[in-house]
**Student:** 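What follows is a single structure, and I will ask about it in a moment.
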Amino acid sequence: MTDKLQIIHLQNQSRITNHQIMITHLFKLEWKKLATYRLFQILVALYIILLPLSFLIGKDIDLPTENGDTISFYTFPKVWDSLAYAGNWMSFFFLGFLGVLLITNEYAYKTLRQNLITGMSRQEYLIGKYIFMLSASLAVAIYYCIVGLGVGFYYTDYVISETVFQHIDLVPRFFLMSFAYMNFAFMLGVLLRKMGLALFFYFVYTLIIEMVLRYYFHAKIFGEDAESRNYYPLNAFEDLTPFPITDFGPVTQTSNIFLEPNLAVMLTLVYSAIFIFISYSVFMKRDL
Amino acid sequence: MSILSIQNLTKEYGVITAVNNLSLEIQPGEIYGLLGPNGSGKTTTLGMILGIIHPKSGNYQWFDGECSERDARKRIGTLLETPNFYPYMNAIQNLEIVALIKKAKNVPYDELLKLVNLYHRKNAPFKAYSLGMKQRLAIAAALIGDPDVLIFDEPTNGLDPQGIAEVRETIRTIAEKGKTIIMASHILDEVEKICSHVAIIKNGNLLATGTVGSIISNDKQIEVAAADNTSLMRLLQAHQMVFKITSDNNILTLSTDENITASEINQLCFENKITLTHLVVRKKSLEAEFLEITS
């Protein structure tokens, strides 16, 4: 009996190590494809430089904050909210772009076809892409954490240790937000295959079509104040790390323009699952 | 053991049937030519057996099904249509990607690149390569992991005469190592020179299959001519081992039984007081056979 259990235990263990080997193998492959790609190198460098910069330029803008200055954006715990919002835009552009080129480049070079012919299964190929996207999202979330700590400690005169990690739940949300944008962009890449077309649709859908759907069609059908108009996917992704509006006094108390964080997380998970399902079913069926 | 067995493979694109009910069997060590004009369904067939095109119906099985399809592909080196590589990577980096996918260990990159005559350009990015160099890199990539089977789709397409000769020589060298080779081509001469077996395909239909020898030497062709071709024709038409006579430029071409010899013809004519001015025996070329089968 114990022997049997031991065997099962060993089998499970070897299965786990096999999975680990597969995951590192697929990650290595994706990394090798991109590491020498100049555009990717530029994207990474720009993200590293621009995340703190795009956020710090706000320092010079006068905003009617409660305390009358903008410095509170850079002190604990507020720094987490404001940096997350800047990072939301960064991830929308950079990881969206990366998500699109991750797959459209391989269509263009016909290397997707070649990878499969060389000896990958379609499933393995897709898993590799998702592993890479999750890793990239994790990397930007860690970077968000580093920049947040750096800026926070620099600008906070009297650091109260409880406030440092008060809004730390934004880190996993930052990770989810980055992955969600990338996954959406990746799905468009899978569906449309051409980089230009996919990027065009990514921006047009996010910045125009969803607005029209929410504020015109949805309002017409469900009424002006229906909270459900906030349930659209890209809005949910954005509301994971929303604009830190609570500092702006009167407007904020009454309005329900943002989703509750937990609701945003739930909606994002559901939409991301749907997008993965769409990518998967199209990718598995398609001739290459 | 059979390397590849295809049963009733069919693929339709809208109203066009690209491949129609194709069945083939390929044995170890064969150099199998898929011969057919452009658009006859060769690449579609290869795409299906390599898992990138979904067949409408039919089956195929690699290595008697002893491993998964994905793992079967790891044992196959393929050059399908165009060489597909990452344009910004150099030769070595591109080969490393292939090795990573195939999980091939200790790949002799330098030797492979020397074999295809690319060693001196190994650090140049793929996008800077000429078509011939790209094609040669694809052959090197196909050899990674020492595969049991190699698939070449139009391997000499777009190459200059020297490139064509080099590629053919490389394929022959590989074949001598006892590997099974499947080669699609629309160039008869190429199939005739390289392959041991051939399947002739047109409009997705399998028209003929067998050893190159059997397809070529079923019929023998004898050309004859005499001062008086009319009486010569009358004489030969009566012969039961002559199947067909066509006249062209005052030369009569006879399709005959394999067993008839030139001297028999000569003797027959001489006995009937016809002196031949021309007598040539040739095996029917694959090209003639091909045109006959596909027309």
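Here is the naming used below: chain letters follow the sequence lines, and residue numbers restart at 1 for every chain.
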**Student:** Using only atom types and a distance under 3.5 Å, with no angle test, would you say the side chain of A/Asp287 pairs donor to acceptor with the backbone of B/His54?
**Tutor:**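 At least one qualifying donor-acceptor pair exists.
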
**Student:** If you count heavy-atom pairs under 4.5 Å with chain A, which of B/Leu80, B/Asn94, B/Ile101, B/Thr78 comes out on top?
**Tutor:** B/Ile101

**Student:** Quick check: does any side chain N or O of A/Lys110 sit under 3.5 Å from a backbone N or O of B/Asn84, one acting as donor and the other as acceptor?
**Tutor:** no

**Student:** With a 4.5 angstrom heavy-atom cut-off, could you sort out which part of B/Tyr86 is near chain A: side chain, backbone, both or neither?
**Tutor:** both

**Student:** For the atom pair OG1 (A/Thr111) and CD1 (B/Ile97), what is the distance rounded to the nearest 0.5 Å?
**Tutor:**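 Separation between the atoms: 9.0 Å.
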
**Student:** Is there a donor-acceptor contact under 3.5 Å from the side chain of B/Lys102 to the main chain of A/Thr118?
**Tutor:** yes

**Student:** Does OH belonging to B/Tyr13 count more than 12 external heavy atoms closer than 6.0 Å?
**Tutor:**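 It does: B/Tyr13 OH has more than 12 such atoms within range.
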
**Student:** Is it the case that atom NZ in A/Lys28 sees more than 12 heavy atoms from other parts of the structure closer than 6.0 Å?
**Tutor:**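 Counting other residues, nucleotides and ligands, NZ of A/Lys28 stays at 12 neighbours or fewer.
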
**Student:** Is it the backbone or the side chain of A/Arg286 that comes under 4.5 Å from a heavy atom of chain B, or both, or neither?
**Tutor:**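 Only the backbone of A/Arg286 comes within 4.5 Å of chain B.
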
**Student:** Picking from A/Lys33, A/Gln114, A/Glu124, which has the most non-hydrogen pairs under 4.5 angstrom with chain B?
**Tutor:** A/Lys33

**Student:** Heavy atoms only, distances under 4.5 angstrom: which of A/Leu112, A/Asn105, A/Leu26, A/Leu29 has the most pairs with chain B? Name it, please.
**Tutor:** A/Leu29

**Student:** For A/Lys285, which atoms come within 4.5 Å of any heavy atom of chain B: side chain, backbone, both, or neither?
**Tutor:** backbone

**Student:** Return yes when atom NZ of A/Lys194 has more than 12 non-hydrogen atoms of other residues, nucleotides or ligands closer than 6.0 Å, and no otherwise.
**Tutor:** no

**Student:** In the structure I gave you, are the side-chain heavy atoms of B/Ile52 and A/Ile117 within less than 4.5 Å of one another anywhere?
**Tutor:** yes

**Student:** Is the shortest distance from a Lys or Arg side-chain nitrogen in A/Arg113 or B/Glu81 to a carboxylate oxygen in the other one below 4.0 Å?
**Tutor:**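 So A/Arg113 pairs with B/Glu81 through a salt bridge.
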
**Student:** Which atoms of B/Phe126 come close to chain A, meaning under 4.5 Å heavy atom to heavy atom: side chain ones, backbone ones, both, or neither?
**Tutor:**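 Neither part; nothing is under 4.5 Å.
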
**Student:** Compare every heavy atom of B/Phe85 with every heavy atom of A/Tyr109, then report the nearest pair and how far apart it is.
**Tutor:** CB-O, 4.0 Å

**Student:** Relative to chain B, which of A/His25, A/Glu106, A/Arg38 shows the most heavy atom pairs under 4.5 Å?
**Tutor:**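 Counting heavy-atom pairs under 4.5 Å, the top option is A/His25.
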
**Student:** What part of B/Lys127 is in contact with chain A, defined as an atom under 4.5 angstrom from a non-hydrogen atom: side chain, backbone, both or neither?
**Tutor:** neither

**Student:** Side-chain contact test, heavy atoms from C-beta onward, threshold under 4.5 Å: evaluate it for A/Met120 versus B/Arg73 and give yes or no.
**Tutor:**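 A side-chain contact is absent here, since even the closest heavy-atom pair is not under 4.5 Å.
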
**Student:** A/Arg122 and B/Ile53: which non-hydrogen atoms are nearest, and at how many Å?
**Tutor:** NH2-N, 4.3 Å

**Student:** Within a radius of less than 6.0 Å around NE2 of B/His120, do more than 12 heavy atoms belonging to other residues, nucleotides or ligands occur?
**Tutor:**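 Correct, the count exceeds 12.
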
